[in-house]
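What follows is a set of notes on a single structure, which appears directly below.
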Amino acid sequence: MTIQDQLSDLIHAALTAAQGAGALPAFDLPAEIPIQRPKAGYGDFASPVAMALARFAKQPPLAVAQTVAAHLPTGGLVGKVEVAPPGFINLWLSANWMAAQVERILQAGPSFGDATYGQGQRAQVEFVSANPTGPLTIGHGRNAVLGDSLARLLEAVGYQVTREYYYNDAGRQMELLGESVRARYRQLLGQTVEWSEDYYQGEDIIEIARELQAEFGDTLADEPLDRFRRFAQEVITETQQAALTRLGIRFDVLFNEHNLTTSGEVWEVVKGLKEAGVAYDAEGATWIRMTQFGGEKDRVLVRSNGEPTYSLPDIAYHKNKFDRGFDLMVNVLGADHAAQYPIVAAALKTLGYDTSKLHVVSYQFVTLLRDGQVVRMSKRKANYVTLNELIDEVGPDVVRYFLLMRSVDTHIEFDLNLAVKQSDDNPVYYVQYAHTRIAGVLRQAAERGIELDPQADVSVLSDPSEMALIREMLRLEEVVTLAAKQLAPHHLCFYATDLATAFHTFYDRCPVLPPKQTDAALTQARLKLCAAAQQTLARTLGLLGVTAPDRM
RNA sequence: GUCCCCGUAGCUCAGUGGAAGAGCGUUGGGUUGCGGACCCAAAGGCCGUAGGUUCGAGUCCUACCGGGGAUGCCA
């Protein structure tokens, strides 16, 4: 049970007691009493419930709050209660209770901060889902780290999570890729080729052609297109996976769109939609009646040449997800692809699925800034910075942190000059440095022959900075729950810096080891506090997929 | 035209209907080193504008203004 739940129950009990004593008239109490984080100086927690109940109590909010405070048992969790206008009930946690939490945190280990609301349920996260037509860009990078951190968060709240990558290695784009490579290959052989504007112009295509030439010489000149396509795809897929691996990202399922056609699932969708009257044939094509779902116009599902559009397999894919029985499905999509979602949702609803289980996390673009200049990224053009190159330049931790620290709704300007900087204004190092400092203290303790005493009494902790650090650590579960429920990992980044600040302040004020610290009991208690803080920092960074180094 | 996102401190951004926040920058302090990649403090706000809902709106609704994106029988 979270602290908020416990406080909620306490206030509920106080309200019931007040009614029983006749201090408040009888009226139905809300099942859950709201508990918030007040602004600084107004306690650890606060409840505005008196304001909402004033009309039923037929008393001013402040009077209701005072009555609740009078009936609230102190001791244990709550150390102090105060009432503030216009009717807030402010609660302070007791110092003894807080100090004791250090033991609880250490005993819980790495699972401290985890929640359980997803227990026994299965979640699926689909992310990246880039086709093998070129190297991953920074946009894909944002998608990748978002999906991965979301998966980690969902695991932290109890879900069993499947990480999934959906791709299409057939179709016109892949044909173009094959043609582009073949054209480059023939150019390398000195042949004159017709170059189409549609061809991929990236340096990587020439590189692939060079590899072909190095391995096969000129023997492939008259090979069928498919040979070039397959080779290119292999190389590109390898490059893509390499970037993801460097970011610590792996997938449980690689789902090939093609399977949906061969299995006939695609045509089942068409049949189902037609039976429901939502799809119809016209002008030689098959359409979905999006106008019926508030859409601007109807959309094509099957082209007049008999080929499905992108939408149809996408619907079939999501139907497939539902049929696999997931309780929660998260789809990480760039804002440029998000317009596709209404079609999928409309179709699935028609087919009788509960689309409330499906969540789209749509993120805004990433632009790269170097020396204050925007580095453009365009897929077909040669001029772009790949995800691999970005990782080369600033390292995986900075890439992950910078792409996760902003709300998905915010357009990111990735400032390379700032990202490379190993100093004050780089928040990644600020957080990692806190972890490193703790590791340093523990290392020093060992070198000075100080043994950690498991029986050490943490109740000697009382400095305001010690309490503040414990208070921050106790927020972890709340932050994890919020980030998981909102599918918003950026909360973890803000929390990480708050936690790091709390530690740095403690470190500045409270010497741990002799000779600065001469009280052996305090040294032991503070070592425990350090260990708990280290564990909490490591867990927070772990959920972001960022390393927690012992030395920097 | 329609739809989506954004508009909060000089800059970059948090903010779960309840008592305006952080980092950077600026100004001023702190160390005879448990690694200063740190700490503390100050200054700095008609929360884009105008209405509405509510006991209470930065948060919800409507209209408008400004910026970005999406609007293919491409993926």
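In what follows, chains carry the letters A, B, and so on, assigned in the order in which the sequence lines appear, proteins first and then strands, with residues in each chain numbered from 1.
At a threshold of 4.0 Å, the pair R37(A)-E478(A) counts as salt-bridged, since one of the basic side-chain nitrogens sits closer than that to a carboxylate oxygen. A salt bridge does not link K321(A) to E164(A): none of the charged side-chain nitrogens sits closer than 4.0 Å to a carboxylate oxygen.
For the pair T410(A) and C5(B), the criterion of a side-chain N or O lying under 4.0 Å from OP1 or OP2 is not met. Taking 4.0 angstrom as the limit, Y507(A) places a side-chain polar atom (N or O) nearer than this to OP1 or OP2 of G36(B). For C74(B), neither phosphate oxygen OP1 nor OP2 lies less than 4.0 angstrom from any side-chain nitrogen or oxygen of R172(A). The side chain of R37(A) places no N or O atom within less than 4.0 Å of a non-bridging phosphate oxygen (OP1 or OP2) of A19(B). Regarding contacts with the backbone of G15(B), a side-chain N or O of H490(A) is found under 4.0 angstrom from either OP1 or OP2. Within the structure, every side-chain polar atom (N or O) of Y363(A) is placed at least 4.0 Å from both OP1 and OP2 of G68(B). In terms of phosphate contacts, R406(A) brings no side-chain nitrogen or oxygen within less than 4.0 Å of OP1 or OP2 of A22(B). Distances shorter than 4.0 Å separate none of the side-chain N or O atoms of T133(A) from OP1 or OP2 on A75(B). Look at Y430(A) and you won't find any side-chain N or O under 4.0 angstrom from OP1 or OP2 of C24(B). Within the 4.0 Å cut-off from OP1 or OP2 of G72(B), at least one side-chain nitrogen or oxygen of K297(A) is found.
In this structure, OH in Y341(A) is found 12.5 Å from CD1 in I343(A), a value given to the nearest 0.5 Å. Annotation: the span from L177(A) atom CG to Y199(A) atom OH amounts to 11.5 Å, rounded to 0.5 Å.
Judged purely by atom type and a 3.5 angstrom limit, S149(A) has no side-chain atom pairing as donor or acceptor with the backbone of L146(A).
Judged by distance alone, with hydrogens and angles left aside, N90(A) brings a side-chain donor or acceptor within reach of the base of A19(B), the pair sitting under 3.5 Å. The base of A14(B) does not come close enough to the side chain of H491(A) for any donor and acceptor atom to sit less than 3.5 Å apart. In terms of polar N and O atoms assigned as donor or acceptor, the side chain of S304(A) comes within less than 3.5 Å of the base of C73(B) in a complementary pairing.
No contact: N305(A) has no heavy atom under 4.0 Å from any strand. Residue A40(A) is out of contact with every strand shown, counting any heavy-atom pair closer than 4.0 Å. A84(A) comes within 4.0 angstrom of a nucleotide base, judged by non-hydrogen atoms across all strands. No engagement by A54(A) is indicated, since no non-hydrogen atom pair under 4.0 Å with the nucleic acid exists.
Considering only the side chain of P511(A), C34(B) comes nearest among C74(B), G36(B), C34(B). When distances run from any side-chain atom of D508(A) to the nucleotides C73(B), C38(B), C34(B), the shortest one goes to C38(B).
Across the strands present, A41(B) finds its partner in U27(B); the criterion is a Watson-Crick or G-U wobble pair with both atom distances under 3.5 angstrom. In this structure G72(B) sits in no base pair that meets the Watson-Crick or G-U test at under 3.5 Å. With a 3.5 Å ceiling on both atom-pair distances, the Watson-Crick or G-U wobble partner of G21(B) is C13(B). Partner assigned to C64(B) is G48(B), using Watson-Crick or G-U wobble distances below 3.5 angstrom.
Remark on RNA chain B: of its neighbouring residues Q340(A) and L513(A), the 5'-side contact belongs to L513(A), judged by nearest-heavy-atom nucleotide.
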Candidate pair Y317(A) and F255(A), rule ring-ring contact (aromatic ring centres under 6.0 Å, His included), full reasoning: CA-CA 9 Å; Y317(A) 176 45; F255(A) 196 106; 4.7 Å; yes
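Following rounding to the nearest Å, F88(A) (CZ) and G17(B) (C1') show an atom-to-atom distance of 11 Å.
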